[in-house]
Amino acid sequence: MIKTLIAIFLAAILTENYVLTKFLGICPFLGVSKKLDTAVGMSFAVTFVMVLATAVTYPIFMYILVPNGLGYLQTILFILIIAALVQLVEIVLKKYVNSLYKALGIYLPLITTNCAVLGVTILVIGKSGENYGFIEALVNSLGAGIGYLVAMVLFAGVRERIEDSNIPDFLKGLPITLVSAALVALSFLGFTGIVDKLMV
């Protein structure tokens, strides 16, 4: 059981990284990763929302929607739940960590429509056929959040290095950012064999 949970956790961070392998949540990944402190703050907010959203949506889907034949309401209901959780995070940050609230700016309310958060809640339910129970779903969502943090921190470091580098004019701005994002994503492919061995 513990080995399975560790494998799920590591897979969500490394080989099934929602940003770098599933390409979900790219907008804040590119928008907030210019500075390390805002990247970390955004990642913690997204991780918190991912875990809480999974904790709320999984039982609602399994024990209310599915038994009553209302599975088709999943996406609408999940977005409403995520929006409520983001409002909660926004209120808490504004009251207790105002500097981070101001630094995140428009990207904080955009967590509501962050497809990485919605993707985690929906894809975890899709994995229920792989014997993903409630605990496995929570571990997966926590791993997805940590994977989001790892991707954001790595990419923020790369972007800070790029700022100090001598880059040809035709690559400055978005082109070098996208090339760098592709290279960071490629680097995660090396972890595939390690996590696969744990799954056996």
Side-chain angles (χ1 to χ4, degrees), residues 6 8-56 82-121 123-124 137-165 173-174 176-191 195:
I6 291 170
I8 290 169
F9 183 72
L10 289 177
I13 296 172
L14 302 172
T15 59
E16 294 180 17
N17 189 295
Y18 280 79
V19 178
L20 299 176
T21 62
K22 296 187 187 308
F23 307 110
L24 298 174
I26 295 293
C27 177
F29 176 68
L30 295 175
V32 186
S33 60
K34 289 180 182 175
K35 292 183 180 175
L36 186 61
D37 54 345
T38 54
V40 170
M42 178 69 164
S43 300
F44 280 125
V46 167
T47 302
F48 177 75
V49 172
M50 277 182 182
V51 173
L52 212 54
T54 302
V56 174
I82 291 165
L85 293 173
V86 169
Q87 283 296 109
L88 175 70
V89 169
E90 200 170 346
I91 290 166
V92 169
L93 285 181
K94 190 173 184 180
K95 186 165 185 171
Y96 297 108
V97 195
N98 200 18
S99 58
L100 180 59
Y101 173 79
K102 288 178 181 173
L104 291 175
I106 188 68
Y107 292 101
L108 186 57
L110 283 178
I111 294 175
T112 303
T113 56
N114 186 338
C115 51
V117 178
L118 183 61
V120 166
T121 57
L123 292 173
V124 149
L138 286 180
V139 169
N140 184 64
S141 63
L142 179 62
I146 301 297
Y148 191 88
L149 171 71
V150 168
M152 290 286 277
V153 167
L154 283 174
F155 196 54
V158 168
R159 287 186 79 173
E160 284 181 0
R161 294 287 299 267
I162 288 171
E163 292 292 321
D164 299 332
S165 300
L174 188 59
I176 193 65
T177 302
L178 293 175
V179 168
S180 303
L183 292 173
V184 171
L186 273 173
S187 67
F188 274 65
L189 288 176
F191 295 113
V195 176

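This is a predicted model, so every value here is computed, not measured.
In this structure, CG on Asn17 lies 9.5 Å from CZ on Phe23, to the nearest 0.5 angstrom. Between the OG1 atom of Thr15 and the CG atom of Leu20 there is a distance of 11.5 Å, given to the nearest 0.5 Å. In this structure, Leu123 CG and Lys22 NZ are separated by 6.0 Å, a value rounded to the nearest 0.5 Å. Separation of atoms CD (Glu90) and CG (Leu88) is listed at 10.5 Å; rounding is to 0.5 Å. To the nearest 0.5 angstrom, Ile162 atom CD1 is 6.0 Å from Thr177 atom OG1.
Under the ring pair (Phe, Tyr, Trp, His ring centres under 6.0 Å) criterion, Phe155 pairs with Phe29, sequence neighbours left out. When the side-chain contact (heavy atoms from CB on, under 4.5 Å) test is applied to Asp164, no partner is found at least two apart in sequence or on another chain. With sequence neighbours left out, the side-chain contact (heavy atoms from CB on, under 4.5 Å) criterion links Lys94 to Asn98, Tyr101.
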Without placing hydrogens or testing angles, list every side-chain donor-acceptor pair under 3.5 Å for residues 178-189, not counting sequence neighbours.
from   : atom 1 : to     : atom 2 : distance (Å)
Ser180 : OG     : Ile176 : O      : 2.7
Ser187 : OG     : Val184 : O      : 2.5

What side-chain donor-acceptor pairs closer than 3.5 Å can you find for residues 39-55, not counting sequence neighbours?
from  : atom 1 : to     : atom 2 : distance (Å)
Ser43 : OG     : Ala39  : O      : 2.7
Thr47 : OG1    : Ser43  : O      : 2.7
Thr47 : OG1    : Gly145 : O      : 3.0
Thr54 : OG1    : Met50  : O      : 2.9

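At a threshold of 4.5 Å between non-hydrogen side-chain atoms, the residues Val19 and Leu24 do not count as touching. Annotation: side chain of Leu142 is not in contact with side chain of Leu138 (no heavy-atom distance under 4.5 Å).
Applying the side chain to side chain donor-acceptor pair (under 3.5 Å) rule to pairs touching residues 141-159 yields Ser33-Arg159, sequence neighbours excluded.
Between Cys115 and Gly25, the closest heavy-atom pair is SG-N, 3.2 Å.
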